[in-house]
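Okay, structure first, notes after.
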Amino acid sequence: MRFIPIDSIDDERVAAYTNLTEMQLRNRLEPAKGLFIAESPKVIDRALAAGREPISLLVEQPWIDGMADTFAYVDEHWGDDVPVYVASPEQLKQLTGYRLHRGALAAMRRWPLPSVEDVCRDARRIAVMENIVDHTNVGALMRSAAALDVDAVLVTPSCGDPLYRRAARVSMGTVFQIPWTRIGGESKHAWPFDGLRQLHDLGFTTVAMALTDDSISLDELVRRLDNDASEPDHIGRLALIFGTEGDGLSRHTIANADLTVKIPMSHGVDSLNVAASSAVAFYSTRIR
């Protein structure tokens, strides 16, 4: 790798880290030219292990020696010409607005997302994120999905980007390990009607996680998952749908899903943060 000290974060060579918004990095018009920023050595290593191509790295001087294995991996798989821009801790704090706990960033190339059919081909249990815009929650849900063996995650058109820097960091890099894609592409009109129909055609029972008068309990959902396949209410393939912060799932999603499911709660609490509710649902519905 080429190690290049920088004198200022205004250096044009690190513009991807300083001057471009997440939307500009994503490059919707030309996805093949899009980038994302991975933050922290763990996230970077998981992205590299998943085959994501590094364009450059920006690393605090004190972390150079500790990332020797990462640099060697990049050299082996992408050649020794990938630049590593070396900055002081003060420069990176000025860039990010806070002191990085793990002083490394990497600009990496986006990849074409697979089709919903490809992601779901062998899946028995998937999660759908509907319009979740808080990137911390996006990352937390991806992390829980990976930890609790969810087979895939689908992201609706208005949902936050799982490759956004904070989302990928909160996911601890699991966004590069669990299969995911967007359902409905970039069209905000494709969800929920077309998307729910597509999931139904793929054999999934769609379950809206919502508190309604008709909601069955999470325990009842688990019973239907675990009963014999010959039972009329048996569920073979499950799609759990989680809604945005505050408003929850849209009324159209609730009305058109096969089932609505609630998590029993006490002390007058009527909802959980989506990061918490998804973890509860993933653990409860795990394949035994």
Side-chain angles (χ1 to χ4, degrees), residues 1-4 6 9 11-60 63-64 67-87 92 95-96 100 102-116 118-119 129 135 138-139 142-143 145-146 152-155 157 159-183 185-186:
M1 303 193 75
R2 295 185 294 121
F3 294 90
I4 305 170
I6 61 170
I9 62 169
D11 191 315
E12 282 297 318
R13 293 173 295 182
V14 294
Y17 303 95
T18 58
N19 297 333
L20 299 182
T21 67
E22 293 286 343
M23 191 61 68
Q24 289 170 325
L25 286 169
R26 187 172 169 185
N27 201 338
R28 287 192 176 192
L29 295 179
E30 296 183 85
K33 296 182 180 179
L35 303 177
F36 66 92
I37 304 296
E39 181 179 316
S40 88
K42 180 181 287 293
V43 174
I44 293 169
D45 285 346
R46 284 183 168 169
L48 293 172
R52 305 308 163 207
E53 179 186 355
I55 304 302
S56 68
L57 287 84
L58 178 59
V59 181
E60 285 185 0
W63 282 92
I64 294 294
M67 293 183 65
D69 289 345
T70 299
F71 301 146
Y73 188 90
V74 172
D75 283 347
E76 179 182 354
H77 291 83
W78 287 278
D80 58 8
D81 202 39
V82 177
V84 179
Y85 299 107
V86 183
L92 258 67
L95 185 156
T96 62
L100 287 177
R102 296 286 187 266
L105 302 167
M108 311 189 83
R109 196 177 305 282
R110 286 179 177 266
W111 64 97
L113 292 176
S115 68
V116 171
D118 285 343
V119 164
M129 288 194 278
H135 290 98
V138 170
M142 296 293 288
R143 184 175 178 180
V153 176
L154 302 179
V155 181
C159 188
D161 184 4
L163 294 181
Y164 182 85
R165 186 184 304 184
R166 182 180 299 170
R169 184 180 73 240
V170 172
S171 82
M172 296 296 290
T174 55
V175 67
F176 306 111
Q177 296 176 310
I178 187 166
W180 68 272
T181 195
R182 288 196 176 267
I183 184 166
E186 300 293 347

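Quantities reported herein were computed from a predicted structural model and do not represent experimental measurements.
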Quick one: sort the F71 and F3 rings into parallel, tilted or perpendicular, breaks at 30° and 60°. perpendicular

With a 4.5 Å heavy-atom cut-off, do M172 and R46 have their side chains touching? yes

CG-OG distance between D45 and S40, expressed to the nearest 0.5 angstrom: 8.5 Å

Does the pair S171 and F176 meet the rule for a side-chain contact (heavy atoms from CB on, under 4.5 Å), with working shown? CA-CA 9 Å; S171 82; F176 306 111; 5.9 Å; no

Got R2 and D80 here, is their nearest side-chain heavy-atom distance under 4.5 Å? no

Interatomic distance, Y73 atom OH to W78 atom CH2 [nearest 0.5 angstrom]: 5.5 Å

Within the 4.5 Å heavy-atom criterion, are M108 and L35 side-chain neighbours or not? no

For A16 against I37, the heavy-atom pair lying closest together: O-CD1, 3.9 Å

Inter-residue atom distance L58.CG - I6.CD1, 0.5 Å rounding: 5.5 Å

Residue pair V43 / A38: nearest heavy atoms and the distance that separates them: CG1-CB, 3.9 Å

Show, in sequence, the C-alpha distance, side-chain angles and deciding distance for V82 and I55, and conclude whether the side-chain contact (heavy atoms from CB on, under 4.5 Å) test is met. CA-CA 6 Å; V82 177; I55 304 302; over 6 Å; no

Do W180 and L113 make a side-chain contact, defined as non-hydrogen atoms from C-beta onward lying under 4.5 Å apart? yes

Kindly give the heavy-atom pair with the smallest separation between V59 and M67, and that separation in Å. CG1-SD, 4.0 Å

A167 versus P162, closest heavy-atom pair with distance: CB-O, 3.6 Å

Closest heavy-atom pair, G160 versus V155, reported as atoms and distance to 0.1 Å, is O-CG1, 3.9 Å

To the nearest 0.5 Å, how far apart are CG in L48 and CG in L57? 7.5 Å

Could you check if a side-chain atom of M142 sits within less than 4.5 angstrom of a side-chain atom of V153, using non-hydrogen atoms only? yes

Evaluate the side-chain proximity of T181 to L154: yes if any heavy-atom separation is below 4.5 Å, no if none is. yes

Within the structure provided, determine whether Y85 and I9 are in side-chain contact (heavy-atom separation under 4.5 Å). no

Are side-chain heavy atoms of D161 and R182 found at a separation under 4.5 Å? yes

With rounding to the nearest 0.5 Å, note down the distance linking CD1 in I183 to SG in C159. 12.0 Å

Does R52 reach the main-chain N or O of R109 with its side chain, forming a donor-acceptor pair under 3.5 Å? no

To the nearest 0.5 Å, what is the distance between CZ on R143 and CD on Q177? 11.0 Å

Should L163 and W111 be marked as a side-chain contact (heavy atoms from CB on, under 4.5 Å) after you check the CA-CA gap, both sets of side-chain angles, and the distance that decides it? CA-CA 11 Å; L163 294 181; W111 64 97; 3.7 Å; yes

